[in-house]
Amino acid sequence: MKAKRALKIPGGKFLRMEMEWDELIRSVKLTGDFFLYPEEGIQALEQSLIGMGALVREEQIRERIDHIARERGLQMIGFSPEDVAKLAVLVLTSATQEGS
Amino acid sequence: MEWRVVPLQQMNAYAAMALDEACTEYVQAGGPPTIRFWTWEPSAVSIGYFQSLHDEVDVNKCRELGVDVVRRRTGGGAVYHDKMGEITYSVICPEHFIAKGITESYHIICDWIVKGLWEMGIESEFKPINDILAGGRKISGNAQTRRGGVLHQHGTVLHDLDVETMFSLLKVSDEKISDKFLESVRERVTCVKDFREVSQKASYYNILKGFTDGKQWKFGDWTPQERARAEQLAKERYSTHEWNALR
């Protein structure tokens, strides 16, 4: 399955996520008007979700993002691991609901 | 150390982004902290490093109007840079010159813009993360990155505003583009000319004063090495489809 959803963080930035998955998450693309230092860290952030189960809970994604950010020394400005997790679950569940 | 200030230049989007990067490399190698100003010729749209080109920009419309499109190395949002409508700056210096903290350093540099606007009798304030508001409306957007111990912040001060052209180039869903939508943008965004009937040059001189007051500085120019490197970067990165459609 494949889906794309957006999230406007109140008082923050705009995130868009596109994912492909079957039982497992196969690809992730996170775009938007946020800031991340260093910028190249976006790949590590996206890749950290690949291979997680498609039924993963929001909390598990948040922990994964948190972990990779700490490990790589990434600074997220205008968005947080919680926001990424919330959006990822939104993507995974909205497509299921729509049966796409 | 004395700041090098490269006075207002006019250039295309690819050259502008390439000079920022060439200068960053020069400062990494021990070159002087630099403040520069430019206007865009032709007008251009820049998108943030993490944005999707085709989600944000009507590339065909840009081509039709002769507007360049470039991906920045900095995060943040898509911006329409009208050639008559703004003053754009970069600050490129060792990190320790300003402040380690990201928000703190935004605040310090944005205060130079606030001071420049104040010189024109316009009261404004820094609004975290990266904006400046005048009368509660956005008048300046800014974006920062750090590379190898060097801080690079660039941003724009809106001198004039052409909301209609802006939103014919930046993608907003068709149902949102209406007179009401354009009015609502006008309620959220402002420009120097809303407050003072001054020329683009006059805006520049006042902004320049805000940036340089209280500093040791002198006007300078790019080194031949920076120019050569910028030419290479413009050709090999910033003007390429591969870079601009990266995401």
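Everything quoted here is computed from the prediction, not taken from an experiment. Order of the sequence lines sets the chain letters (A, B, ...), proteins ahead of strands, with each chain counted from 1.
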Between chain A and chain B, going by a 3.5 Å limit, which atoms form donor-acceptor pairs, if any?
residue, atom, partner, partner atom, Å
A:K4, NZ, B:D55, OD1, 2.9
A:K4, NZ, B:D55, OD2, 3.0
A:K13, NZ, B:N130, OD1, 3.0
A:R16, NH1, B:E56, OE2, 3.2
A:L30, O, B:R247, NH2, 2.6
A:G32, N, B:F50, O, 3.1
A:F34, O, B:G76, N, 3.1
A:Y37, OH, B:Q144, O, 2.7
A:E39, OE1, B:T145, OG1, 3.1
A:E39, OE1, B:R147, NH2, 3.1
A:E39, OE2, B:T145, OG1, 2.7
A:E40, OE2, B:R147, NH1, 2.9
A:E46, OE2, B:R247, NH2, 2.4

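Counting non-hydrogen atoms of other residues, nucleotides and ligands closer than 6.0 Å to CD of A:E71 gives a total above 12.
Contacts of B:A143 with chain A are made by both backbone and side-chain atoms, with heavy-atom separations under 4.5 Å.
B:F50 has its side chain within reach of A:I42: a pair of non-hydrogen atoms, C-beta onward, lies under 4.5 Å apart.
Interface with chain B: from residues 51-59 of chain A, no residue qualifies, criterion being any non-hydrogen pair under 4.5 Å.
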